[in-house]
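One structure below.
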Amino acid sequence: KSNTQTITRFTLGSTVEAWRGVFIMNDTESLEYYIQSIFRPTTPGANKSEASVFDFSPNRSFEMLGEYCRHIAQNKNITNPTEVYRELLDVCNIFSADGVMFRKHTLDDMMRAV
């Protein structure tokens, strides 16, 4: 199988319970691709209570997750999506790279960016 097929299968159709994180390094503009990618390692499993998403483009991360949270809020008839953002960050830690250091983003970071 080609690398493209393998990556597509990971992002759109499989769950690996042992994985606890994902690195996002491509410049996708597809919300579906992005959300599928970050939720693969966050699927609950035995002995796993959390996962991390490392996105080397925090602006893209905030844009994609902001769009996702606004969509979820709209579907639930919620006028302020802050609670949806909070729920997302409760299950998915978001880090950005600053040189060789990683910084974990907070709800305040996310709300300032959207």
Side-chain angles (χ1 to χ4, degrees):
K1 295 179 180 175
S2 73
N3 288 340
T4 302
Q5 289 173 325
T6 301
I7 292 170
T8 300
R9 180 171 289 141
F10 167 69
T11 58
L12 297 177
S14 65
T15 297
V16 182
E17 285 191 25
W19 290 5
R20 288 176 166 61
V22 63
F23 288 86
I24 305 291
M25 298 188 295
N26 66 342
D27 288 329
T28 184
E29 293 181 12
S30 166
L31 179 61
E32 180 183 10
Y33 179 89
Y34 190 85
I35 295 302
Q36 288 288 332
S37 297
I38 70 169
F39 281 124
R40 289 296 156 220
T42 64
T43 302
N47 301 316
K48 182 168 78 169
S49 62
E50 62 182 44
S52 298
V53 173
F54 297 90
D55 191 332
F56 291 87
S57 175
N59 290 338
R60 177 188 56 236
S61 177
F62 290 137
E63 289 170 12
M64 293 286 187
L65 294 173
E67 183 178 339
Y68 174 76
C69 290
R70 287 187 300 275
H71 178 74
I72 295 298
Q74 182 180 16
N75 285 346
K76 292 182 174 184
N77 294 320
I78 299 171
T79 56
N80 183 348
T82 303
E83 188 59 35
V84 179
Y85 288 108
R86 185 175 287 113
E87 288 175 11
L88 175 69
L89 292 175
D90 282 347
V91 298
C92 188
N93 297 313
I94 303 169
F95 291 83
S96 62
D98 183 14
V100 295
M101 301 298 294
F102 288 99
R103 183 171 90 77
K104 182 179 175 182
H105 287 279
T106 65
L107 177 63
D108 289 338
D109 294 333
M110 188 172 227
M111 297 310 294
R112 277 193 300 272
V114 294

Show your reasoning for whether side-chain contact (heavy atoms from CB on, under 4.5 Å) applies to Tyr34 and Ser30. CA-CA 6 Å; Tyr34 190 85; Ser30 166; over 6 Å; no
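Within 6.0 Å of the CD atom in Gln74, the count of heavy atoms belonging to other residues, nucleotides or ligands does not exceed 12.
In this structure, the separation between NE2 on His105 and CZ on Phe62 is 4.0 Å, given to the nearest 0.5 Å. Going from atom CG of Leu89 over to atom SG of Cys69 covers 7.5 Å, rounded to the nearest 0.5 Å. Separation of atoms CG (Leu107) and CD (Glu83) is listed at 9.0 Å; rounding is to 0.5 Å. Between the CD1 atom of Ile72 and the CD atom of Glu87 there is a distance of 9.5 Å, given to the nearest 0.5 Å. Here Ser61 contributes atom OG and Ile24 contributes atom CD1; the two are 8.5 Å apart, rounded to the nearest 0.5 Å. Here Asp27 contributes atom CG and Arg60 contributes atom CZ; the two are 5.5 Å apart, rounded to the nearest 0.5 Å.
Contact detail for Arg70 and Glu63: the closest heavy-atom pair is NH2-O, 4.4 Å. For the residue pair Met64 and Leu31, the shortest heavy atom distance occurs at O-CD1, 3.2 Å. Across Ile78 and Asn80, no two heavy atoms sit closer than the pair CG2-O, 3.1 Å.
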